[in-house]
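Worksheet: the structure to be examined is printed underneath.
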2 protein chains.
Amino acid sequence: MAVNLPLPIPANLKPVAGIELGYAEAGVRKANRKDLLVLKLAPSASVAGVFTKNRFCAAPVQVCKIHLEKLKDGSAPIRALVINTGNANAGTGDLGLANANASCAALAELLQCDASQILPFSTGVILEQLPVDRIKAGMPQAIANLKADNWYNAAEAIMTTDTQPKAASRTVTIDGKSVTLTGISKGAGMIKPNMATMLGFLAIDAKVAQPVLEQMVKEAADKSFNCITIDGDTSTNDSFILIATGAGALEVDSVASTAYAELSAAVTAISQELAQMIVRDGEGATKFMTITVEEGASADECRQIAYSIGHSPLVKTAFYASDPNLGRILAAIGYAGIDDLDVSKLNLYLDDVWVAKNGGRNPDYKEEDGQRIMKQSEITIRVRLARGTAAATIWTCDLSHDYVSINADYRS
Amino acid sequence: MAVNLPLPIPANLKPVAGIELGYAEAGVRKANRKDLLVLKLAPSASVAGVFTKNRFCAAPVQVCKIHLEKLKDGSAPIRALVINTGNANAGTGDLGLANANASCAALAELLQCDASQILPFSTGVILEQLPVDRIKAGMPQAIANLKADNWYNAAEAIMTTDTQPKAASRTVTIDGKSVTLTGISKGAGMIKPNMATMLGFLAIDAKVAQPVLEQMVKEAADKSFNCITIDGDTSTNDSFILIATGAGALEVDSVASTAYAELSAAVTAISQELAQMIVRDGEGATKFMTITVEEGASADECRQIAYSIGHSPLVKTAFYASDPNLGRILAAIGYAGIDDLDVSKLNLYLDDVWVAKNGGRNPDYKEEDGQRIMKQSEITIRVRLARGTAAATIWTCDLSHDYVSINADYRS
């Protein structure tokens with residue numbers, strides 16, 4: 001059950017000039033489902049990405065990093081992305097790496113470019129070899145239906161345990177020039193910053209210099225995909241890719257320009273929307289929670305406390321139950337690892353309700369006020385540390401029976 | 001549902017000379033249940049403890065620390081422990097501290113000693129004030145039924161979401177002298193080292209010098225109660241107390257003695273049994289998992305990886321489902337935060353089944369072998385890092401539907 005997650009409407013997803021999308025039913029793991037996606041880029045496109053920090057990073061992630069790194073040596077531009085679901089190609093050793101490279105080579109042959117101009121992505125079960133022959137066999141079908149107006153199908157093609165496709169689209173005007181931004185993402189478990197079992201692909205039709213785009217994707221990820229958590233499990237395959245097709249009128253060649261600032265803000269905003277969609281569709285989610293920690297000595301300690309709250313199974317089950325058992329939040333703050341935290345100065349709010357004051361129950365707090373907020377589907381937990389001026393915000397969801405069901409049954 | 005947790009048999013729980021136990025139904029939170037326990041100690045007893053490291057440590061924990069610290073200044077010995085369930089007296093500020101002290105004062109008056117000779121313990125809901133009047137009113141009843149042969153009732157009196165009482169008892173012979181060890185513990189959620197929503201009380205009838213006992217309780221806790229995790233939530237109230245009544249024949253006054261080594265080993269062994277009982281009765285547990293990480297560069301990194309596996313909801317739900325989706329274990333190892341971990345040397349075993357070899361799927365691994373092990377109720381996950389000679393072991397359980405039910409319904 002997703003929390004206030006609007007089903008994207010195909011007609012609202014604007015094509016981005018310079019990019020075409022095509023999908024196939026390749027039967028990677030199961031038959032009769034879209035499980036292969038190809039994104040074909042104009043030669044003018046620049047591409048940058050951020051990837052999981054999991055030491056067991058998947059073979060496709062390793063290949064992506066190598067191919068993107070080559071751009072710095074003046075290698076030919078990225079021409080296509082290939083994404084499969086059903087198999088993560090992670091924990092697969094040298095054969096996994098060879099399979100990821102084989103996928104790239106196969107697509108490169110079809111598109112008449114070099115294998116290093118392809119970026120591969122996989123999501124699904126870990127520790128099983130990629131059925132690369134089925135993926136290769138599906139490629140011609142995906143190429144045959146390549147078109148610019150295919151974002152909704154693309155969003156469907158990358159789903160795993162997601163209950164619905166995730167996509168967002170908008171147009172902004174910068175320096176008097178129109179820029180279209182359209183993106184898709186998928187979750188829905190194993191979500192933690194750096195990053196998640198998540199894939200995110202965002203395209204804009206501006207022309208953005210490679211180093212500038214690299215800065216922009218990092219800024220956007222740090223304020224969006226790196227601020228979400230569902231279960232604290234960081235996946236082996238997380239990737240967020242920003243594509244600037246260069247087919248539009250706007251050009252950005254410096255991070256110091258006002259155009260950069262405006263475009264980066266627009267990219268961050270739509271990235272937040274795509275990231276929050278992943279939380280809204282978190283496995284078994286019934287509540288969407290925003291956790292804000294303020295007045296910290298550093299943003300890092302604020303984030304540490306926010307994640308301690310956001311990962312606590314006891315907090316998450318209390319929210320699932322709409323039970324204002326809010327001492328569990330204090331406990332999670334207490335074990336966050338901030339050794340010199342003076343809890344006697346700490347204040348806790350649930351939306352506008354002041355729950356804990358100076359480390360203890362607020363004498364004016366009434367259980368029915370907490371209860372009223374807990375029944376909402378969207379709740380903000382706000383902590384004031386009274387130690388400084390730093391702050392951090394993350395987004396998460398509750399822990400329900402369905403989370404257990406989904407993850408206990410995932411492979412069956 | 002507990003995993004292979006034998007119901008203690010009252011007749012098997014040996015009295016420990018120098019300690020009497022009495023309980024009451026004080027109605028702290030609910031009527032008609034044992035919720036107050038008093039342990040009365042001989043004047044010859046020494047007492048030492050380890051406590052939660054949660055910054056929101058509960059009022060009784062703060063009071064315990066102060067009273068135990070006073071022993072170092074030659075203060076009069078601890079004469080009694082008072083334990084209530086139903087309310088944790090945590091997140092309760094100055095009033096909570098006053099209430100914990102009031103409990104001590106009330107019991108001290110009844111036992112004709114000083115309030116600083118009492119150690120208070122509470123477990124239950126956080127952020128609500130302790131109903132200290134009800135606790136005081138229950139004390140005479142607890143004192144009236146004080147007796148040496150009351151360990152089973154004591155084990156019942158400290159239960160919260162535990163499905164059954166936890167107790168262990170044995171006799172060892174050291175230096176030709178018999179020593180009786182009897183202990184009780186309670187869980188069952190919010191279990192993580194340093195420490196857990198756990199209380200553990202272990203009594204021995206040896207005479208042990210105060211500083212020696214302090215060393216012994218730390219050693220035992222580090223190898224038992226600090227090696228268990230259920231949900232990663234470290235509670236505000238965790239306490240493990242070792243009482244040496246001094247009523248028996250054995251005397252230990254130096255950590256350098258062989259008697260110390262033998263007694264400490266016996267104390268550690270029974271502490272492990274009591275700690276593992278907590279995991280076996282973990283909220284909703286259906287599997288008991290031992291996680292051993294070997295060949296690490298340090299014990300700390302082994303523990304870090306073991307906990308990363310043990311806390312992963314995806315790993316825990318896979319075990320609940322008996323689904324050998326073992327890539328989830330690799331993912332948890334990968335995000336444990338060991339930045340220079342070379343996963344290409346890593347080996348993973350499930351009991352005697354070699355699952356991952358040199359970072360990838362072992363070519364000889366067969367899914368049916370993994371499936372066979374996953375169906376067991378007790379499973380060992382063994383990781384070899386090939387980085388050194390250090391090792392660590394922790395114990396944990398799976399994550400089931402019942403965990404969610406128990407924690408979503410806890411207060412209702």
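Residue numbers start from 1 in every chain, and the chains themselves are labelled A, B, ... in the order their sequence lines are given, proteins ahead of strands. The structure displayed is predicted, hence computed values, not measured ones.
Heavy atoms of B:S400 lying under 4.5 Å from chain A belong exclusively to its backbone. Neither the backbone nor the side chain of B:D94 has a heavy atom closer than 4.5 Å to any heavy atom of chain A.
A donor-acceptor pair is defined here as one N or O able to donate and one able to accept, closer than 3.5 Å; no such pair exists between the side chain of B:R361 and the backbone of A:E128.
Interface remark: of the candidates B:L399, B:D339, B:N358, B:I338, B:D339 forms the most heavy-atom pairs closer than 4.5 Å to chain A. Comparing B:D340, B:L330, B:L346, B:L95 by heavy-atom pairs within less than 4.5 Å of chain A, the highest count is held by B:L330. Taking chain B as the reference chain and counting heavy-atom pairs below 4.5 Å, the highest number among A:G91, A:A336, A:A88, A:S344 is found for A:G91. The most heavy-atom pairs under 4.5 Å with chain B, out of A:H401, A:Q129, A:K357, come from A:H401. Of the listed residues (B:G334, B:A90, B:G360), the one with the most heavy-atom contacts under 4.5 Å to chain A is B:G334.
When all heavy atoms of B:T317 and A:V404 are compared, the pair lying nearest together is CG2-CA, 4.1 Å. The two atoms that bring A:R55 and B:L341 nearest to each other are NH2-O, 2.6 Å, heavy atoms only. Among all heavy-atom pairs drawn from B:I126 and A:A331, the shortest one is CD1-CB, 4.0 Å.
B:C57 SG to A:Y335 OH: the interatomic distance, rounded to the nearest 0.5 Å, is 16.0 Å.
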